[in-house]
Amino acid sequence: MQKIIIAAALLLTLTGCDQAEKKGAFELSGNFTNSKGETLYLEKLAGQQPVVVDSTVVDEKGDFAFTNYEAKIGFYRIKTSEQNFAMLVLDSADKVKVTGNIADLGNTYKVEGSPETKLFMQYNELSKKLQVRKDSLTQAFQTSAMNLGLDKLQQVNPELAAKRGDSLSRTMEEPYMAMIESENVKLASVIKQNTNMFASIIAIQALDPEKYYDVFVELDKNLMKKFPTNQNILMFHEMVSKSMALGIGNEAPEINLPDVNGKDLALSSFRGKVVLIDFWASWCKPCRAEMPSVVKAYKKFKDKGFEIYGVSLDQTKDKWVEAIQQDGITWPQVSDLKYWECAAARLYNVQGIPFAVLIDKDGKILAKNLRGEELEKAIELALAGKP
């Protein structure tokens, strides 16, 4: 599970300590086939780089045991090299046995005595199945493009090739998104059954907090109860708390940043209007591609009590202003020119752009990330005072 492995590698050093932990309680040993006396390393995934916490040599029978480290709850891996490793989620009282082919740890290892690792591997299998289905759809897209002769058409008529390519992409988008959502439902179901398990904190990162809000809240509640001092859990708790503050029906947090003329412009100054808070940037291609539909909505509703409050994540004023002119943006714009460190983006827990929040005349959050026709319908209802 590449995403899970990468996410795990970025986790901070853990500080929580379970009462069950005591000297000699933790055991990690096992047997590997095809061993030739390799040195085996135990690493803890901490900060930006894994940290080696113990090592051992596999004997002539393939047996090994780590004897110098008492694990605390966290993500680990055992490896012979950077390319050959097995992921583990270990706790202080675990008595773990690992088996497999030492030449191919990642694809062959099996674990007993570690419920957290077994759950992690279950999440991993779900991810692998999703990747197989993604690859299948990608192959179908490439086959369709080839049958349409888009590669040859590109050389003769690039504009027509682009139009047909876009049409094909839209045709494939619906089954692709349906497939993603189907797998996400399965993943959410497994997480719901394991909201007291540490391994779930990585798996849930694949889900949209807006769609699976209840799953995030339940996982946060149970992990905080079980691991109240663990730094990873505290970070997750902070993220969920911010999401809760931005829940539908809550008052949108105040934003007060400089406009293009350097004058501070507060979000609250538009109280009494339905407002779309639009996070974007000149360097963001999806944002720029989406802008025509935003311009369309603004022209349609601007004289009916609707306003847009644009928040740019740009770094240079010139590029920001140039994009405003190029895209025909006529609504208020603000930015502190701090890129992803933008104060408003951090306040609103923006993880990617474009990102938009629709608020009513009283400043209460109505919806997030609506686009196209859905956005226009939501604006119409908000202007009519309907939920």
Side-chain angles (χ1 to χ4, degrees), residues 1-16 18 21 24-132 197-203 205-206 230-232 235:
M1 184 189 266
Q2 185 176 13
K3 181 172 182 179
I4 283 183
I5 290 174
I6 292 173
L10 296 177
L11 292 175
L12 298 175
T13 304
L14 305 171
T15 59
D18 196 297
E21 183 182 8
F26 175 75
E27 295 178 7
L28 176 57
S29 60
N31 179 273
F32 289 132
T33 59
N34 295 324
S35 174
K36 299 177 182 178
E38 292 90 344
T39 298
L40 198 62
Y41 299 93
L42 173 64
E43 292 183 328
K44 186 171 186 178
L45 303 186
Q48 295 297 319
Q49 294 294 332
V51 177
V52 175
V53 295
D54 200 0
S55 64
T56 189
V57 175
V58 184
D59 69 20
E60 65 278 3
K61 296 180 181 179
D63 294 328
F64 71 91
F66 290 99
T67 59
N68 299 317
Y69 186 72
E70 294 294 321
K72 295 179 181 179
I73 185 67
F75 293 91
Y76 298 80
R77 67 180 187 176
I78 51 177
K79 72 171 190 178
T80 59
S81 69
E82 289 301 315
Q83 293 73 39
N84 187 35
F85 60 87
M87 290 290 300
L88 303 170
V89 187
L90 304 176
D91 205 349
S92 55
D94 287 345
K95 299 184 184 301
V96 187
K97 298 288 185 182
V98 184
T99 57
N101 181 348
I102 200 168
D104 187 15
L105 292 177
N107 292 315
T108 65
Y109 81 109
K110 296 181 180 180
V111 178
E112 296 295 335
S114 174
E116 290 278 6
T117 300
K118 286 206 166 186
L119 178 60
F120 177 87
M121 295 174 77
Q122 183 179 353
Y123 289 137
N124 199 20
E125 285 304 309
L126 288 174
S127 181
K128 286 180 180 178
K129 289 178 181 178
L130 174 59
Q131 190 58 52
V132 168
M197 298 291 282
F198 193 86
S200 296
I201 195 175
I202 294 298
Q205 294 182 32
N230 183 277
Q231 289 300 311
N232 293 297
M235 289 172 63

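Position 1 is the first residue of the sequence; numbering continues from there. Source: prediction; values computed, not measured.
In this structure a side-chain-to-backbone donor-acceptor pair under 3.5 Å is present from Glu116 to Ala199. At distances below 3.5 Å, at least one donor-acceptor pair connects side-chain atoms of Ser114 with backbone N or O atoms of Val89. One N or O on the side chain of Asp59 and one on the backbone of Gly62 form a donor-acceptor pair closer than 3.5 Å. In this structure, Lys95 contributes its side chain and Ala25 its backbone to a donor-acceptor pair below 3.5 Å. A donor-acceptor pair is defined here as one N or O able to donate and one able to accept, closer than 3.5 Å; such a pair exists between the side chain of Asn31 and the backbone of Lys61. Side-chain atoms of Asn101 do not come within 3.5 Å of backbone N or O of Thr108 as any donor-acceptor pair.
One finds the OG atom of Ser127 at 9.5 Å from the CD atom of Glu125 (value rounded to the nearest 0.5 Å). Atom OG of Ser55 is separated from atom CD1 of Ile78 by 13.0 Å, given to the nearest 0.5 angstrom. Distance check, rounded to the nearest 0.5 Å: OG of Ser29 to CZ of Phe64 gives 6.5 Å. Atom NZ of Lys129 sits about 11.5 Å away from atom CG of Asn124, to the nearest 0.5 Å. The structure places OG1 of Thr117 at 4.5 Å from CG of Leu88, a figure rounded to the nearest 0.5 Å.
For the pair Met87 and Phe120, the minimum side-chain heavy-atom distance is below 4.5 Å. Looking at heavy atoms from C-beta onward, Ile73 lies out of side-chain contact with Leu90 at the 4.5 angstrom threshold. A heavy-atom distance below 4.5 Å is not found between the side chains of Thr33 and Ile102. Annotation: side chain of Pro115 is in contact with side chain of Met197 (closest heavy-atom distance under 4.5 Å). Looking only at side-chain heavy atoms (C-beta outward), Tyr69 and Leu42 come within less than 4.5 Å of each other. With a 4.5 Å cut-off on side-chain heavy atoms, Phe198 and Asn230 count as touching. Counting only heavy atoms from C-beta outward, the side chains of Thr80 and Thr39 never approach each other to under 4.5 Å. For the pair Val57/Glu38, no side-chain contact is recorded, criterion being any heavy-atom separation below 4.5 Å from C-beta on.
Thr56 and Tyr41 are not linked by any side-chain donor-acceptor pair at a separation below 3.5 angstrom, with hydrogens and angles left out of the test.
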- Query: When you look at Glu70 and Ser92, which way does the side chain to side chain contact (heavy atoms under 4.5 Å, CB included) test go after all the steps?
  - Reply: CA-CA 7 Å; Glu70 294 294 321; Ser92 55; over 6 Å; no
- Between Phe66 and Leu40, does a side chain to side chain contact (heavy atoms under 4.5 Å, CB included) hold up when you go through it step by step? CA-CA 9 Å; Phe66 290 99; Leu40 198 62; 4.0 Å; yes
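Contact between Val58 and Ser35 at its shortest, heavy atoms only, is CG1-OG, 3.1 Å. Between Asn232 and Ile201, the shortest heavy-atom contact is O-CD1, 3.6 Å.
Ring pair Phe32/Tyr109: centre-to-centre distance not below 6.0 Å.
Here Glu82 pairs with Arg77, Lys79 under the side chain to side chain donor-acceptor pair (under 3.5 Å) rule; sequence neighbours left out.
Sorted by first then second residue, the salt bridge (Lys or Arg N to Asp or Glu O under 4.0 Å) pairs that include residues 103-113, not counting sequence neighbours, are Glu112-Lys118.
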